[in-house]
Amino acid sequence: MITSLRRIRAIAGTTLIELARLRVFYVLVLFALVLIVSSTFLARISFQQELQVTKDISLGAINFFLSLLAIVATAQLLPRDIEDRVVYSVLAKPVPRFEYILGKFLGVVGLLAISLAAMSVLCLVVLHLREQSALHEVNRQIEQLAPDQLSSTVRVIHTAGVNRDLIAALVLVLAKSAILAATTLCISAFATSNIFTITAMAMVYLIGHLESIAREYWLQEHVAGWPKRTFLALVAFIFPDLQAFNLSDQVIGGVPIPAHLIEQLLGLAAFYIVSYILLATAIFYQREL
Amino acid sequence: MTHTAIHISRVTKVYRTPFRRQATVALRDLNLEIAPGEVYGLLGPNGSGKSTTLKIILGLISPTRGSVTIFGRDNSVVAARREIGFLPENAYFHKFLTGAETLRFHAKLCGLSKSKTTARINELLAAVGLTDAGDARLSTYSKGMLQRIGLAQALIHDPKLLVLDEPTAGVDPAGSRDIQELIASLKNRGTTVLLSSHLLTQVQEVCDRVGILHRGRLMREGQLQSLLGIENQTELILENASPDLLDGLEQQIASTSARLIVRRKPQASLEQLFLKVTESTEE
Ligand SMILES: Nc1ncnc2c1ncn2[C@@H]1O[C@H](COP(=O)(O)OP(=O)(O)O)[C@@H](O)[C@H]1O
Ligand SMILES: [Mg+2]
């Protein structure tokens, strides 16, 4: 059976409509928007710090809310379709289960991309306005500054403001939440309740954020014996290292992000997404509908 | 070579619930053969295994033992489902879509071309009597309307085989009659229909053949008339017969070895009465 893009698009589109009607989606996005805007009222010590704080809070809010949205929105997709018997009428058509799962996943990614776009646009606009007013301020004080001092101040403002690395960090946030969505889909394919799926995902989220710290700690301690090492390697393999996708420290600190790091992370995300989607399909094939 | 439409061979289905000891045997050694163009009614009380049978035919669940072919093809092949339309039991579909959007969604799943889809949607909405409700969301539909849109989505790709799980459940008598008429018109066009019901009278008029399922076993199977007919009895229904004629007949019968069991006026069913009453007020 040849995979049909049209069928996958139909399922993804319908899923997106379904998700866009969820109230939780608006609540989360609204909450993030409020946070981003309110961050501009904080800390006015220096231009640089002001921009940094805005970035820190915005990136943190976008990161957290997109992850939460990925888990909450995905968790109820399959259970609801089974409850409403949608899954029967869809799978009774010439639709392979893989296409059904993939369509659901792409629908979620669509929702995540739209939410990210909305939050990012606001974040970038806020930052840009701050940056402009900072530069304006510098121009006014121009007489008091030495030329080299002036150029370094402008450079600091530019690195603290909107730049390419900030965009890269936002794209990685999307990659991370797409991994979370694929994992959630996988768990919900065998879970018997939404609570189970969401609880399990809370654990995946925690492990994914703590594993790099744990790894560093254990590496320093020189964990002895292969059983422990194998166990750690297994955990690291099954649970994606979500913290790795969080580049806000570099972005805020103005440390340039090397292009190969971004490529590596996107490759890693693709690997986990494909693996989890395939696993979700395999589980779904076994399921008694 | 012509194939049977559905061939079920020695199918057994055991449901195992995780973390629970006992398993449910939903079907035991079921054999079923349905010819092309036939309307077959699967009857049985709740929990007798009707839905399980239909889901196995559609490949939604796999049998523990046994095999199923559809028009000669193994039913686990996705392509075998191009020929089948399915109405699930108690289906709600996507509540947030309108009737027409629901049909469009299923048309895309079946790979119908864009140019054909719109005409097909209008045709089907008319066929199931939902032309006026086509732009309303399914969340506003009544149970009967949901069954109709369910029938329409099952028919969207003009399948050769239609599988209906309790098509008349929860539908009022007029709606149930409409559904039966639709099935009859599909039969005239050569569509094979397999339907299940726990209310025997609702389907008896359309079915060529019925099978009676009880606790996962096929207890009886055959043409309705031969199943229900009492071999050594005959029923005469006369119109405008005078009492004299009837008395004469009775005397004549008494002089033979035959025995008159009952003489009475045939009664309309409550359902027939309902249909007659509601029809006269409609016009
Ligand atoms: N998914 C399932 N898991 C466990 N048992 C099931 C499942 N589906 C149906 N059963 C059991 O199988 C039997 C047959 O059910 P079903 O085919 O739905 O009957 P019907 O459609 O005739 O009412 C019932 O005893 C039911 O409890
Ligand atoms: Mg049933």
Side-chain angles (χ1 to χ4, degrees), chain A residues 1-23 25 76-104 107 111 189-193 196 281-289, chain B residues 13-19 24 26 51-52 54-62 64 76-97 101-102 104-114 137-139 146 149-150 153-154 156-157 159 162-163 165:
Chain A
M1 182 93 211
I2 311 147
T3 306
S4 153
L5 283 180
R6 191 150 172 259
R7 281 196 300 261
I8 297 173
R9 222 171 43 213
I11 295 169
T14 310
T15 306
L16 184 57
I17 299 173
E18 176 179 358
L19 290 174
R21 294 174 54 84
L22 279 182
R23 239 165 260 130
F25 163 64
Q76 44 90 45
L77 283 180
L78 298 186
R80 180 175 297 191
D81 267 15
I82 291 172
E83 192 181 319
D84 288 349
R85 268 74 162 185
V86 174
V87 68
Y88 296 142
S89 59
V90 170
L91 293 179
K93 299 279 184 309
V95 178
R97 293 192 186 190
F98 169 69
E99 289 184 7
Y100 175 75
I101 293 284
L102 188 60
K104 289 278 154 194
L111 177 87
F190 65 84
T192 43
S193 73
F196 175 84
T281 309
I283 294 170
F284 198 55
Y285 263 106
Q286 302 300 317
R287 179 148 183 175
E288 306 261 30
L289 291 173
Chain B
K13 176 68 191 179
V14 182
Y15 284 112
R16 284 182 209 288
T17 335
F19 312 117
T24 315
S51 298
T52 302
L54 302 189
K55 284 187 213 165
I56 286 177
I57 291 172
L58 283 145
L60 292 172
I61 53 180
S62 48
T64 312
S76 54
V77 186
V78 171
R81 271 170 258 156
R82 288 222 190 96
E83 323 277 16
I84 323 180
F86 178 48
L87 170 69
E89 183 178 20
N90 291 325
Y92 291 102
F93 306 102
H94 285 303
K95 297 184 190 96
F96 51 88
L97 295 181
E101 284 166 352
T102 304
R104 191 169 297 278
F105 173 58
H106 284 96
K108 283 181 192 163
L109 297 183
C110 293
L112 245 66
S113 71
K114 254 187 200 147
R137 287 189 199 286
L138 296 199
S139 51
L146 280 174
I149 204 72
Q153 67 77 27
I156 191 87
H157 52 313
L162 193 59
V163 178
D165 200 352

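In what follows, chains are A, B, ... by sequence order, proteins preceding strands, each numbered from 1.
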message: Counting only non-hydrogen atoms closer than 4.5 Å, does B:L60 touch chain A with its backbone (N, CA, C, O), its side chain (CB onward), both, or neither?
response: both
message: Heavy-atom cut-off 4.5 Å, strictly under: side chain, backbone, both or neither for B:E101 against chain A?
response: neither
message: Check this for me, if you would: do B:D165 and B:K55 make a salt bridge, where the nitrogen-to-carboxylate-oxygen distance has to be below 4.0 angstrom?
response: no
task: Let me know if B:K108 has heavy atoms under 4.5 Å from chain A in its side chain, its backbone, both or neither.
output: both
message: Tell me whether A:R21 forms a cation-pi arrangement with B:F96, defined as NZ or CZ under 6.0 Å from the six-membered ring centre and within 45 degrees of its axis.
response: no
task: Sort B:K13 into side chain, backbone, both or neither according to what part of it lies under 4.5 angstrom from a heavy atom of chain A.
output: side chain
field: Portion of B:L54 that has a non-hydrogen atom of chain A nearer than 4.5 angstrom
entry: neither
query: Quick check, are the ring centers of A:F284 and A:Y100 under 6.0 angstrom apart?
result: yes
query: In terms of heavy-atom proximity below 4.5 Å to chain B, should A:R80 be classed as side chain, backbone, both, or neither?
result: neither
Chain A contact via B:L97 - which portion, at a heavy-atom distance below 4.5 Å: side chain
Between B:T52 and B:Y15: side-chain donor-acceptor atoms closer than 3.5 Å: yes
- request: Could you tell me how the ring of B:F86 sits relative to the ring of A:Y88: parallel (under 30°), tilted (30 to 60°) or perpendicular (over 60°)?
  value: perpendicular
- prompt: Do A:R6 side-chain atoms and B:L112 backbone N/O form a donor-acceptor pair below 3.5 Å?
  reply: yes
